[in-house]
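Keep in mind that the numbers below use all heavy atoms, side chains included, and drop hydrogens, waters and symmetry copies. Per chain, numbering begins at 1; letters A, B, ... match sequence-line order. Quick caveat: nothing in here was measured; it's all calculated off a predicted structure.
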2 protein chains.
Amino acid sequence: MGFRSKAATERPAGLGSGQLMDPRIARSHASVLQAATALLVEGGPDALTIDGVVARSGVAKSTVYRHWATRDDLVADVIRECAPRVEPLPGGLDFETALHALTRHLVAAMGDPQWRRMIPALLLLRLQHSDVAQIDEQLKTDQHDLFATVLRLGVQEGALDRTVLDDVDRAMALLVGPVLMAALVDSAPLDDEFADEVASQYLAASRQRV
Amino acid sequence: MGFRSKAATERPAGLGSGQLMDPRIARSHASVLQAATALLVEGGPDALTIDGVVARSGVAKSTVYRHWATRDDLVADVIRECAPRVEPLPGGLDFETALHALTRHLVAAMGDPQWRRMIPALLLLRLQHSDVAQIDEQLKTDQHDLFATVLRLGVQEGALDRTVLDDVDRAMALLVGPVLMAALVDSAPLDDEFADEVASQYLAASRQRV
DNA sequence: GAGAAACGATACGATACGGTATCGTAGTGG
DNA sequence: CCACTACGATACCGTATCGTATCGTTTCTC
């Protein structure tokens, strides 16, 4: 993932955390990232070329290569920047409301048009690009953990069979799948109503099972 | 989509349908298509290059361009060839069994490893490639019609509210989504058990609604 | 204000790829 | 057996792209 990029977003050694880095670096870094993101979103991975970024951002090619060692590093950074952050849910919720909060959080994350356009690129690049593969795995495990805690809640309340915890991924397929499909194919609007429908559907099925 | 490709798979004018075409054409056509498919599956759209196809298939470049006017036509043909064929369900089924048959048919189609690897490519290419976009739309409308007939069955039996027919796409998101997710992310095995689970979940939720 | 660091502009090399053209060869169908 | 057609090999052109190198200029930091 290009340590140069990391170095550009952190402070140089020997500076306090209040101390900001060279604003020139921040500027060019941000400009490049923005242009690269736009290109990736609009035209897919092939459209994200160095020359394209140079033309669109107004940043010189030499500067781009000062921040990213290679084009692949830039691509990975763009995806990493756009990927939704998985944040834990507030504690103290009962299972049903937690599940609804989870699906709502999900549709909100997948609703970001930039991210929606980036998902196919992520699915493709992760197969050949180890950095992108790592981003994908990170995202997956974070979501997995989040779902596991919510499902554990359901088990504790007796609403779910204990065995769901043995196959969290399967439950995720049932819950995330519809949202992913809606995001990829525009088969349903990504609003809270849809989120609630997905959650309710899962709950209805689990009630019947128990 | 390259009329040349079409011409290569059909018989020259003036021949009866029993009459086969020049076997040399069939051979080279098949070899190219097979090599191109492998390249697309293994390395994504970028890996499907003419030179790569030439190297892998043993067919000369001039021959490739005799059958396909351009690289994009070849790509479209590869996707078209691999895309699952949507065939109507047997008539006379009741709603529940029809729905289960539908989801089973679905997991069978999405289970094809070649097609699974091709879905991200399809999702990306349809945005810039009109031929691929057409394949995607064709597939979508075929599936839509299939689901519509099954859902109509549910309405006739009183198992579904009449309003589902106003938003077949939403129902498809709920039913196809989990399967798509499982195919893309390997979150669940694509077997009949999973298909039945998806169908049952949808049924449980709809029973509760009515 | 001076030194240092980042930047812009540009030229350049290497490579990969799409697509065309040519020509001799081999297989097919009548 | 013969004309015809498809094929293989190869050379070639134009272009896009990655990545490097150089050098004068701007801008920040101290």
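Between the P atom of C:dA16 and the CG atom of B:Leu48 lies a distance of 17 Å, rounded to the nearest Å. Going from atom CZ of B:Arg71 over to atom P of D:dT15 covers 19 Å, rounded to whole Å. For the pair A:Met21 CE and D:dC28 C1', the interatomic distance rounds to 12 Å; values are reported in whole Å. The CD1 atom of B:Ile50 sits 16 Å away from the C1' atom of D:dG8 (whole-angstrom rounding). What separates CG of A:Asp51 from P of C:dA9 is a distance of 14 Å, to the nearest Å. A:Asp73 has its CG atom 13 Å from the C1' atom of D:dG19, to the nearest Å. A:Asp22 places its CG atom 6 Å from the P atom of C:dA6, with the value rounded to the nearest Å. A:Tyr65 has its OH atom 18 Å from the C1' atom of C:dA6, to the nearest Å.
Side-chain atoms of B:Arg170 do not come within 3.5 Å of backbone N or O of B:Val164 as any donor-acceptor pair. Distance alone, capped at 3.5 Å, is enough to place a donor-acceptor pair between the A:Gln128 side chain and the B:Gly43 backbone. Checked by atom type and distance alone, the side chain of A:Arg71 pairs as donor or acceptor with a backbone atom of A:Leu48 at under 3.5 Å. For the pair B:Thr103 (side chain) and B:Ala195 (backbone), a donor-acceptor distance under 3.5 Å is present.
No donor-acceptor contact under 3.5 angstrom links the side chains of B:Asp51 and B:Thr49, judged on distance only. A donor and an acceptor atom, one from each side chain of A:Arg66 and A:Thr63, are located under 3.5 Å apart.
The side chain of A:Ser28 places an N or O atom within less than 4.0 Å of a non-bridging phosphate oxygen (OP1 or OP2) of C:dC7. Put simply, B:His67 has a side-chain N or O that comes within less than 4.0 Å of OP1 or OP2 on D:dC7. Checking the phosphate oxygens (OP1, OP2) of C:dA16, no side-chain nitrogen or oxygen of B:Thr49 falls inside 4.0 Å. Note on A:Arg27: every side-chain N or O is 4.0 Å or more away from OP1 and OP2 of D:dT26.
Distance from the side chain of B:Ala60 is smallest for D:dA9 among the nucleotides D:dA9, C:dA6, C:dT28. In the set D:dC28, C:dA6, D:dC7, D:dC28 carries the atom at the smallest distance from any side-chain atom of A:Pro23.
Nucleic acid contact class of A:Gly58 (heavy atoms, under 4.0 Å, all strands): sugar-phosphate only.
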Between the protein and nucleotides 22-24 of chain C, list the N/O to N/O atom pairs that are separated by less than 3.5 angstrom.
none

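On a pure distance criterion of 3.5 Å, no polar donor-acceptor pair joins the side chain of A:Lys61 and the base of C:dG8. Side-chain atoms of B:Arg24 come within donor-acceptor range of the base of C:dG27, with a qualifying N/O pair under 3.5 Å.
The residues B:Asp186 and A:Lys140 are annotated as not salt-bridged, no charged nitrogen and carboxylate oxygen being separated by less than 4.0 angstrom.
The aromatic rings of A:Trp68 and A:His29 lie parallel to each other, their planes meeting at an angle below 30°, with 60° marking the opposite boundary.
Comparing B:Thr70 and A:Val59 by the nucleotide of DNA chain C whose heavy atom lies nearest to each, the residue mapping closer to the 5' end is A:Val59.
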